[in-house]
There are 4 protein chains.
Amino acid sequence: MSKFFGVVPPVVTPLNDDFSVDYASYTRVLDYLIDNGCHGLFALGSTSEVVFYDDAERRKILEHTVKVANGRVPVIAGVIDPTTDRVIRHARTAREVGADAVVVTAPFYTLTNQAETIDHFRMIRDAVDVPLIAYDIPVCVHTKLSRQTVVTLANEGTIIGVKDSSGDDGNFRYALSDLAGNKDVFLMTGSEIVVDSALHMGAHGVVPGLANVDPAGYVRLWNHARKGDWDAARKEQERLCRLFEIVWVASGRVSGGATGVGGFKTAMRSLGVISTNVMARPRAPLNDAEARKVDEILRSVGLLG
Amino acid sequence: MSKFFGVVPPVVTPLNDDFSVDYASYTRVLDYLIDNGCHGLFALGSTSEVVFYDDAERRKILEHTVKVANGRVPVIAGVIDPTTDRVIRHARTAREVGADAVVVTAPFYTLTNQAETIDHFRMIRDAVDVPLIAYDIPVCVHTKLSRQTVVTLANEGTIIGVKDSSGDDGNFRYALSDLAGNKDVFLMTGSEIVVDSALHMGAHGVVPGLANVDPAGYVRLWNHARKGDWDAARKEQERLCRLFEIVWVASGRVSGGATGVGGFKTAMRSLGVISTNVMARPRAPLNDAEARKVDEILRSVGLLG
Amino acid sequence: MSKFFGVVPPVVTPLNDDFSVDYASYTRVLDYLIDNGCHGLFALGSTSEVVFYDDAERRKILEHTVKVANGRVPVIAGVIDPTTDRVIRHARTAREVGADAVVVTAPFYTLTNQAETIDHFRMIRDAVDVPLIAYDIPVCVHTKLSRQTVVTLANEGTIIGVKDSSGDDGNFRYALSDLAGNKDVFLMTGSEIVVDSALHMGAHGVVPGLANVDPAGYVRLWNHARKGDWDAARKEQERLCRLFEIVWVASGRVSGGATGVGGFKTAMRSLGVISTNVMARPRAPLNDAEARKVDEILRSVGLLG
Amino acid sequence: MSKFFGVVPPVVTPLNDDFSVDYASYTRVLDYLIDNGCHGLFALGSTSEVVFYDDAERRKILEHTVKVANGRVPVIAGVIDPTTDRVIRHARTAREVGADAVVVTAPFYTLTNQAETIDHFRMIRDAVDVPLIAYDIPVCVHTKLSRQTVVTLANEGTIIGVKDSSGDDGNFRYALSDLAGNKDVFLMTGSEIVVDSALHMGAHGVVPGLANVDPAGYVRLWNHARKGDWDAARKEQERLCRLFEIVWVASGRVSGGATGVGGFKTAMRSLGVISTNVMARPRAPLNDAEARKVDEILRSVGLLG
């Protein structure tokens with residue numbers, strides 16, 4: 001197995017009231033994840049609100065991540081922007097800063113297709129000497145990485161892994177099967193709520209935003225799965241599913257993007273990991289009534305006294 | 001009527017074979033559009049492949065546009081990126097460089113809603129003293145600006161105009177009607193093929209990518225409409241519809257994004273306006289067989305001898 | 001021009017409180033439409049709530065339509081059901097009953113493609129000696145009839161016309177252009193709110209649900225267009241757009257299907273044409289508060305005193 | 001547990017070359033499924049091509065199913081048509097014929113919402129004294145039954161179970177959890193390829209079209225799951241996933257609907273269960289080259305010598 005495996009949370013980026021990054025809180029988040037046994041860190045992912053930050057801030061966030069991680073776990077870096085050459089710039093920065101791999105989506109805003117998407121990955125790989133992980137997130141980029149695209153890129157060595165946030169578990173299973181003979185490639189699921197299923201299918205890891213709130217829970221789930229104790233894995237997963245309800249607390253009032261990460265930030269504030277639940281503009285944070293509902297859920301799963 | 005009216009093409013950005021911007025050709029494009037009577041220029045739009053360029057290149061393109069335009073026509077500038085603060089940065093640059101207004105989409109990549117989108121426009125307006133034009137382009141950003149959103153933003157003075165590329169002509173008509181009493185606001189259609197209809201409804205202008213190929217045609221169409229000669233307008237529009245078939249010549253082989261702008265660039269090369277039909281990476285350009293089909297179409301509408 | 005042209009409303013089917021068809025009201029609807037100058041009748045369309053009725057009721061509705069029309073105007077009949085042989089059965093009935101043509105959608109519920117859809121139309125045409133009109137209504141059947149599909153079916157003689165409710169005005173324009181040389185084929189728009197545009201493009205007719213409420217308005221619009229008085233056409237259209245707001249009065253409370261036809265029925269009740277605003281189950285009718293808003297709109301456009 | 005559990009295939013309807021139902025083959029299909037241990041039969045489902053048959057043929061198919069089943073296993077009957085009263089008619093027939101329960105989708109063709117869909121189920125339940133099973137199949141009806149809709153209908157006693165073909169495994173898991181305390185309700189998955197996952201989550205059964213080809217495989221999978229042998233379940237599932245590739249053999253040439261059921265029918269013909277691979281019109285059957293590919297797949301999983 002490669003060094004990329006296990007529980008690799010997409011790390012929440014905490015903010016001060018003035019919308020600047022709260023690096024003191026960010027240090028606490030990183031330590032919280034590592035101390036609770038996470039096997040890697042995914043900085044600058046969707047959950048990290050990466051597309052809200054400019055080049056300079058992204059570099060600073062990544063430098064901080066690498067410094068705090070300090071080799072304890074691998075750091076992978078989102079290099080997410082609409083098109084090839086802009087991604088290449090981000091990837092060069094990530095390499096300079098010391099990321100172990102970069103996470104690349106299909107192009108977005110521009111209309112694209114599978115052939116162009118394959119070229120996109122190849123051009124990035126040719127331009128920068130850093131391992132690539134393909135990020136399948138159609139809900140954001142509106143292109144699904146097809147089974148054939150993933151298999152082609154993996155078998156030719158363009159990518160070393162996949163983070164699948166498509167919600168298409170059947171397709172994920174076929175990709176696992178198609179690539180079963182390729183020991184250099186890993187597939188991780190971005191799901192929070194069917195992680196036990198994905199691990200049972202053979203997934204090499206999991207990238208759950210919710211692990212920012214309960215890293216120990218996902219590590220326990222991972223360990224149960226490694227031991228083949230699927231009943232214990234299911235029970236832990238079911239507890240985490242109850243916790244995941246925090247992402248719908250503000251549904252209707254704020255956008256789907258805001259209620260999800262907003263739920264994580266609000267819970268992390270209640271747990272004392274971060275100082276505010278401020279969201280990147282123009283997203284609104286959860287309000288007090290919603291925060292109280294988040295706390296109820298935290299209590300119901302044993303995370304809050 | 002405001003100074004923003006008439007035919008305002010989203011200007012194609014010509015490239016050299018090494019993917020750098022070909023500024024000599026770009027100068028020719030700008031002069032070609034102005035000399036043929038266009039009433040304004042929209043630099044850094046979707047047709048300009050804006051999302052393929054980084055901050056520095058965007059600034060350079062815009063500076064070049066303003067310099068060549070030299071006050072002959074207004075210049076509006078796309079400031080297109082996923083989120084609020086990044087758009088604000090682009091808007092500041094556009095203001096410094098001398099753009100007359102900036103064109104802003106709804107947030108993208110991130111999941112958003114109408115309320116957040118309204119906040120997005122307001123925050124940008126508060127941050128930069130430059131007129132805002134709302135760009136309704138759901139095919140790229142996957143959020144439609146609702147009739148209510150547009151009317152709210154216009155009537156409170158956050159935006160001075162709308163470029164509607166949604167293809168929803170009924171909704172466009174209702175926005176025109178709702179804002180008929182607000183003389184400070186303009187609505188332009190992004191359509192190439194129902195411009196006569198949009199003008200008949202009362203649209204204040206048109207932003208057709210195809211005007212890069214045939215600016216004189218769209219200016220004739222505009223002039224027919226101004227005179228109320230709807231039969232002549234329709235005939236010109238029908239000729240332009242035949243020309244518009246160049247955007248499907250490479251359909252199937254390349255992506256929807258590539259075949260459209262690729263068709264424009266290939267036609268402009270044949271007309272001697274630009275030097276290559278190179279597309280921004282990872283898009284592939286039209287090939288020779290496709291270029292011959294483009295030429296046939298150019299001949300059929302009288303643009304090529 | 002064929003006998004199918006002009007204003008051809010999809011006729012609302014009025015109901016009694018027990019959900020049975022109210023034939024006395026239905027007679028009034030048919031006379032109201034014919035007396036106000038409509039050029040044809042489309043019974044058993046989407047606005048007629050056709051998919052809510054079984055074979056026996058559909059036959060009865062159609063018999064009644066043909067009897068009341070009594071040759072004054074042509075009657076076209078929706079034969080809408082998911083698959084080929086079921087449509088053939090309906091088409092046979094329509095022919096027996098005396099419909100002048102039948103209106104056929106792409107297959108639905110089942111996943112289909114353009115080739116199968118073409119076969120679907122051909123098989124129906126082969127099986128029943130009745131003229132076919134293609135009904136392009138992707139919002140209901142989730143398949144768009146492509147430009148190529150429509151042109152193929154028209155030029156080979158499988159269909160004699162198209163009712164386009166797709167909202168894709170550009171595609172409609174191309175179909176008009178492609179079929180301009182085929183004098184045996186007509187194209188009608190299903191739009192209520194861009195009818196002037198469609199007629200200006202060359203549409204042969206219009207099939208607006210709203211004509212159930214204001215047939216005289218659409219006939220005036222048609223007549224203005226025939227005379228080339230596009231300004232008068234636009235003004236009438238704008239009045240009808242204000243009237244069309246009745247279809248959103250119950251938005252949010254009931255489904256999109258219910259608020260649209262529900263708005264028509266409620267307005268027709270206020271105008272004394274029908275006796276109830278009852279909707280086919282499981283749709284809920286507009287309530288009293290909503291009915292009052294409908295009346296306000298009717299008054300604002302001069303239909304109610 | 002209720003009497004509805006385990007492997008309940010949606011039974012393929014075999015056809016003669018003249019498109020009439022081949023009842024001799026149909027008897028063999030039913031016996032093949034029962035003899036191989038299936039726990040129930042779902043006649044007139046999507047895989048059965050239900051929407052291609054009229055009322056009389058549906059009754060005949062259902063009568064034949066009940067007669068051949070002869071009480072050996074429960075028979076559930078699809079009563080699938082666009083709207084409430086038409087479904088009620090089918091449900092009455094199903095009750096008369098002796099079906100143990102009926103399977104009802106959300107309304108289709110007509111635009112609907114969750115509230116109307118809830119009313120739809122209630123009205124059917126009120127009208128006919130037969131147990132209802134909700135069928136969540138957004139790919140066909142274009143409405144997803146929300147978690148709240150399913151839970152409401154189940155807890156008030158309107159439905160006794162759910163067949164979930166939505167592919168949304170996370171939502172399925174939440175419905176299982178919400179209804180865990182309601183022992184009268186069952187939830188089955190319509191998936192073919194993540195059945196082990198669904199059973200591990202607690203699903204009460206599975207309704208896989210592919211069980212028409214390999215009922216014994218799904219029964220083995222079920223039995224492994226019942227014993228908690230998740231490794232054996234996964235291995236059997238992976239074999240079935242390889243078999244499931246038959247549904248893509250004709251992709252591109254025929255529609256998505258045709259290649260799926262077409263793959264099943266072609267395989268069943270090769271296995272000697274049915275006599276033709278004829279599809280209901282307008283669907284085209286798999287051709288000889290495709291049939292040979294199906295046979296290769298059958299051999300690769302040990303079903304064909």
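Residues A:Ala284 and B:Glu116 share a closest heavy-atom pair of N-OE2, 4.5 Å.
Heavy-atom proximity under 4.5 angstrom to chain A picks out B:Tyr135, B:Ile137, B:Val139, B:Cys140, B:Val141, B:His142 from residues 130-146 of chain B. Residues of residues 53-61 of chain B lying under 4.5 angstrom from chain A, judged on non-hydrogen atoms, are B:Tyr53, B:Asp54, B:Arg58 by number. Within residues 79-90 of chain B, the residues having any heavy atom under 4.5 Å from a heavy atom of chain A are, by residue number, B:Ile80, B:Asp81, B:Pro82, B:Thr83, B:Thr84, B:Asp85, B:Arg86, B:Ile88, B:Arg89.
B:Ser275 is linked by a side-chain hydrogen bond (donor to acceptor under 3.5 Å, both in side chains) to B:Ser25, B:Arg28, counting only residues two or more places apart in sequence or in another chain.
B:Ser255 contributes no side-chain N or O that, together with a main-chain N or O of A:Asn113, makes up a donor-acceptor pair within less than 3.5 Å.
When each of A:Gln114, A:His120, A:Arg253, A:Met123 is checked for heavy-atom pairs under 4.5 Å with chain B, A:Met123 comes out on top. Your options are A:Phe52, A:Tyr109, A:Phe19, and the one with the most heavy-atom pairs under 4.5 Å with chain B is A:Tyr109.
Interface remark: A:Thr105 contributes side-chain atoms only to the contact with chain B (heavy atom separation under 4.5 Å).
In this structure, B:Asp119 and A:Arg283 have side chains that are not in contact, with every pair of non-hydrogen atoms separated by 4.5 Å or more.
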